[in-house]
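These notes concern the structure reproduced below.
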Amino acid sequence: MDRLSQLHIPTLRNDPADAEAPSHRLLVRGGYVRQVGAGLFSFLPLGWRVHQKVVQIIREEMNAIGAQEMLAPLLAPAELWQESGRYDIPEVFGLKDRHGRDFVLSMTHEETMTFHARELGSYRQLPQLWYHFQVKGRDEVRPRAGLLRVREFVMKDSYSFDRDEAGLEASYWKHAGAYRKMFERCGLRFYECEGDVGLMGGEVAHEYLAPCPAGENEIALCENGDYAANVEAAKSVPSAPGFPERLDAPQEVATPDIRTIEEVSEFLSIDPRATAKAMPVVGPDGQLVLGLLRGDHRLHELKAAALLGGEFRPAHPEEIEQAFGASGGSLGPVGVKLRVIADEALRTGQFVSGANRDGFHLLGVEAGRDYECEFADIREVMDGDSCIHCGGRITVEPAIEIGNIFKLGTRYSDPLHAVYLDESGKEQAIVMGCYGIGPGRVVAAAIEQNHDGNKILWPRSLAPYDVEIVALQGAGENLLAIAEEIGAELSDAGLEVLLDDREARPGEKFADADLIGAPLRITVGKKTLEDGAVDLRLLASGEDRRVPAAEAAAQAAELLA
RNA sequence: CGGGGCGUGGCGCAGCCUGGUAGCGCGCCUGCUUUGGGAGCAGGAAGUCCCCGGUUCGAAUCCGGGCGCCCCGACCA
């Protein structure tokens, strides 16, 4: 049993000025964390208790799939990262020692773990599954939202070493299973989505996304629960436009001073979904390309970049004028001598597009008949689309990535030469996977998903304490002794108990209890003690149950069971 | 890196435009009263006004430069 009078839990009466996201606000107000610099946080004792609960859940599930816990150093010699080719990633924190030797603060530990995997010489020693909880350093472009995006954080990262793809497949899906269990145990609402391979490099990846308003990813969800994907990779069926009457050939109409899709659709009384917008861009090869999207859709930059073979930029007004003979608001695909990439949504139907003549648009423009193009998926999934599996309605929600799993293949074992000898004595590259989770993000996501403004409604598994006993001092008789007795009983029953034994006013104690968020609160005060009773309250429901003091511990245990 | 905002006791802020005594609320310390949702009275401690330079008799305030932090757009656990 911990006594609040002796702990360092610096709760704040006001919201800190620099915190906006609910998790950030509540973590600072509740005395869980303090910011040291941009993206740099200390976990104070209360916050560390919660963090360690997450860590322990992860540890148990990792051990359950046969993973071995170890610890690799945070610093790594630069050469190792030069060998893997990651040394030049801008997010890598580099530093020198006193002799001028270069090091990096590892942002993940593929290099170091692969270094150790070089000691695996034989197929007899495979597979292996190693993990550690270690600090990662990242020179983030922009830290934000408290714990959601920081420059230094603890990560559980594990690495699998297999002799072939089949082995990797098994290791990979073992992790997927373990991850689902962990996040369920942490009380999170989450989705396993196919993801982008990103910075780590590799083949296949899934990411675990927890919906929350402060999240910085977007997740597309089917209302029937059979589809969830990061918007970066999501596919969907667009909603159907209401087309006007079919025309045998495009028909030019004057649209004076009409430039945007909204203006066009309003001026012509036409469904914006029955319009096409032209987006001239300059690809990595310097060539002008015309991207064509349905009026209500947004260009998906990653998809487009992949198609164009790299970064692209919008064309400048002079380039547009030269190529189209018209300016931005009146462009269309008809008659242009450029590579035209049209989104799949434009494959069938007749659309309104710019006429390549300022102040005019064309009605009834049809792909194939009126212009030539290649079709591709270059649009972003949006609210109101339909699920590709069941046709259900798709919604797009913000979410935070709390974990991911990657099939690395030989991305690291090749350059770092981590090989083994197979049965025939032939040298083979070890096939690897890597798997990460940020406990700090799990903590933040749990709050984002479970709070009511002033209360943190911790899932039982993450709450820093199971029970908080609020002793309302007041008259100062043997009230504290009774509170301690109840606490001792609960402790003996295996519960984690916090006793607020401070000399403070009731309102202050209740407010702090809301922030500390123990699922069960027991109030011991003069008012009820006159009848020999105390109040039990489940924080989430807010209802008090008055019970005789002697039965408090038993009833509490029952309520929490 | 671009755009916007902020920097004054532990926390939240005013003062700055129009230079001259550093202020308010909360918190903290002492005493008395109070005690079921952030109390009352009395007394008290605590601030290089982000930093450097300039203007001035005099700078929190005006000018120049720098730094830090937050928020909005391209990356990730």
Side-chain angles (χ1 to χ4, degrees), chain A residues 10-21 24 28-29 31 34-40 54 58 89-92 107-109 133-136 138-158 179 183 195-200 205 207-210 214-217 230 232 301-302 305 311 313 400-406 434-445 454-455 470-476 479 502-515 521 523-530 533-535 537 542 544 546:
Chain A
T11 56
L12 264 31
R13 188 167 184 157
N14 318 72
D15 279 333
D18 57 3
E20 284 194 0
H24 187 193
V28 174
R29 268 196 69 192
R34 283 293 183 267
Q35 180 161 350
V36 179
L40 302 174
V54 176
I58 295 171
I89 295 175
E91 283 186 316
V92 172
M107 49 188 276
T108 54
H109 280 76
F133 292 92
Q134 174 62 296
V135 170
K136 310 296 170 196
R138 290 188 189 178
D139 195 354
E140 289 287 352
V141 183
R142 181 158 103 83
R144 63 174 285 277
L147 256 30
L148 287 183
R149 185 175 199 76
V150 292
R151 295 197 289 182
E152 188 187 303
F153 61 98
V154 172
M155 173 160 69
K156 183 290 297 176
D157 43 327
S158 44
Y179 273 33
F183 298 134
D196 193 63
V197 290
L199 275 187
M200 304 304 148
E207 46 196 20
Y208 293 80
L209 295 170
E216 35 190 21
N217 291 74
N230 191 321
E232 288 179 6
E301 300 205 3
L302 280 169
E311 295 277 301
R313 61 166 174 85
I400 187 73
E401 184 177 357
I402 50 178
N404 63 23
I405 57 180
F406 284 93
C434 73
Y435 317 89
I437 294 184
R441 272 198 182 171
V442 171
V443 170
N454 293 315
K455 293 193 193 72
V470 176
L472 299 174
Q473 301 279 33
L479 188 151
R502 296 173 303 175
E503 290 202 32
R505 304 188 50 84
E508 187 180 347
K509 293 191 168 203
F510 290 138
D512 282 353
D514 290 341
L515 288 167
R521 188 182 85 190
T523 305
V524 181
K526 191 171 71 169
K527 195 171 97 185
T528 57
L529 227 42
E530 282 165 1
V534 300
D535 283 334
R537 170 184 291 195
D544 279 323
R546 190 154 299 172

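A note on names: the letters A, B, ... follow the listed sequences, proteins ahead of strands, and every chain is numbered from 1. Remember, it's a predicted structure, so these values are computed and weren't measured experimentally.
As judged by a 4.0 angstrom heavy-atom cut-off over every strand, A:Asp157 is placed among residues making no nucleic acid contact. If you check every strand for non-hydrogen atoms under 4.0 Å, A:Val154 touches nothing. Residue contacts shown for A:Arg537 include a base, since a base heavy atom lies under 4.0 Å away.
With B:C1, B:G36, B:A77 as the candidates, the nucleotide lying closest to the side chain of A:Glu140 is B:A77. Out of B:G12, B:C76, B:G36, the shortest distance to the side chain of A:Asn14 is found at B:G12. Minimum atom distance to the side chain of A:Phe153 is reached by B:A77, of the listed B:U35, B:G37, B:A77. Considering only the side chain of A:Leu472, B:G36 comes nearest among B:G37, B:C76, B:G36. Distances from the side chain of A:Pro506 to the nucleotides B:G37, B:A39, B:A77 place B:G37 closest.
Closest approach of A:Ile58 and A:Pro439 over heavy atoms only: CD1-CG, 4.2 Å. The two residues A:Val470 and A:Phe510 make their nearest non-hydrogen contact at CG1-CE2, 4.1 Å. The minimum heavy-atom distance between A:Glu140 and A:Val150, with the atom names listed, is CG-O, 3.5 Å.
The CG atom of A:Asn217 sits 10 Å away from the P atom of B:A77 (whole-angstrom rounding). Between the P atom of B:C76 and the CD1 atom of A:Ile400 lies a distance of 13 Å, rounded to the nearest Å. Following rounding to the nearest Å, A:Glu503 (CD) and B:A39 (P) show an atom-to-atom distance of 15 Å. At whole-Å resolution of the value, CE in A:Met155 and C1' in B:C76 are 10 Å apart. Spacing between atom NZ of A:Lys509 and atom C1' of B:G37 amounts to 13 Å, rounded to whole angstrom units. Following rounding to the nearest Å, A:Arg505 (CZ) and B:G37 (P) show an atom-to-atom distance of 9 Å. For the pair A:Asp514 CG and B:G37 P, the computed distance is 12 Å after rounding to whole Å. For the pair A:Asp544 CG and B:G36 C1', the computed distance is 9 Å after rounding to whole Å.
The nucleotide B:C17 finds no pairing partner, because no Watson-Crick or G-U wobble arrangement with both distances shorter than 3.5 Å includes it. B:C28 is paired with B:G44 under the criterion used here, namely a Watson-Crick or G-U wobble arrangement in which both key atom distances are under 3.5 Å. Using the Watson-Crick or G-U wobble rule with both distances under 3.5 Å, B:A59 pairs with nothing in any strand shown. B:A74 is unpaired under the criterion used here, namely a Watson-Crick or G-U wobble arrangement in which both key atom distances are under 3.5 Å. The nucleotide B:C6 finds its pairing partner in B:G68, both defining distances of the Watson-Crick or G-U wobble pair being shorter than 3.5 Å.
No hydrogens or angles were tested; on distance alone, nothing pairs the side chain of A:Arg29 with the base of B:G12 as donor and acceptor under 3.5 Å. For A:Asp535 and B:G36, a side-chain-to-base donor-acceptor distance below 3.5 Å is present, hydrogens and geometry of angles not being considered. With hydrogens and angles ignored, no donor-acceptor pair under 3.5 angstrom links the side chain of A:Arg521 to the base of B:G36.
When the C1' atom is used for both B:A14 and B:A60, the distance is 12 Å, rounded to whole Å. The P atoms of B:C72 and B:C26 are separated by 33 Å, rounded to the nearest whole Å. Using atom C1' as the reference point in both B:G66 and B:G25, the two lie 33 Å apart (nearest Å). A distance of about 16 Å separates the C1' atoms of B:G5 and B:C13, rounded to the whole Å. Distance check on atom C1': B:G27 versus B:A39 gives 15 Å, rounded to whole Å. Separating the C1' atom of B:G2 from that of B:C63 is a span of 26 Å, rounded to the nearest Å. Comparing the same atom, C1', in B:G31 and in B:G47 gives a spacing of 27 Å after rounding to whole Å. Spacing of C1' atoms, B:G9 relative to B:A45, comes out at 10 Å, to the nearest Å.
Side chain of A:Arg144 to main chain of A:Glu216: no donor-acceptor pair is present (N/O by atom type, distance under 3.5 Å, no hydrogens or angles).
Where A:Gly507 and A:Gly403 meet RNA chain B, the nucleotide closest to each residue was compared, and A:Gly507 sits on the side nearer the 5' end.
Contact of the A:Arg151 side chain with the A:Leu40 side chain is registered, since non-hydrogen atoms from C-beta on lie closer than 4.5 Å. Residues A:Phe153 and A:Leu147 have side chains not in contact (no heavy-atom distance under 4.5 Å, counting atoms from C-beta outward). In this structure, the side chains of A:Gln35 and A:Asp18 come closer than 4.5 Å at one or more pairs of heavy atoms.
For the residue pair A:Asp512 / A:Thr11, a side-chain donor-acceptor distance below 3.5 Å is found, with atom types taken as modelled.
Between A:Lys509 and the choices A:Thr523, A:Leu472, A:Asp514, the side chain to side chain contact (heavy atoms under 4.5 Å, CB included) rule is met once, by A:Leu472.
For the pair A:Arg138 and B:C76, the criterion of a side-chain N or O lying under 4.0 Å from OP1 or OP2 is not met. A close approach under 4.0 Å does occur between a side-chain nitrogen or oxygen of A:Asn404 and OP1 or OP2 of B:A77.
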Subject >> Sugar-phosphate or base contact per nucleotide [nucleotides 67-72 of chain B; S, B, -; heavy atom under 4.0 Å] >> reply: --SSBB
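Judged as a salt bridge (charged side-chain N to carboxylate O under 4.0 Å, His left out), and not counting sequence neighbours, A:Glu508 has no contacts.
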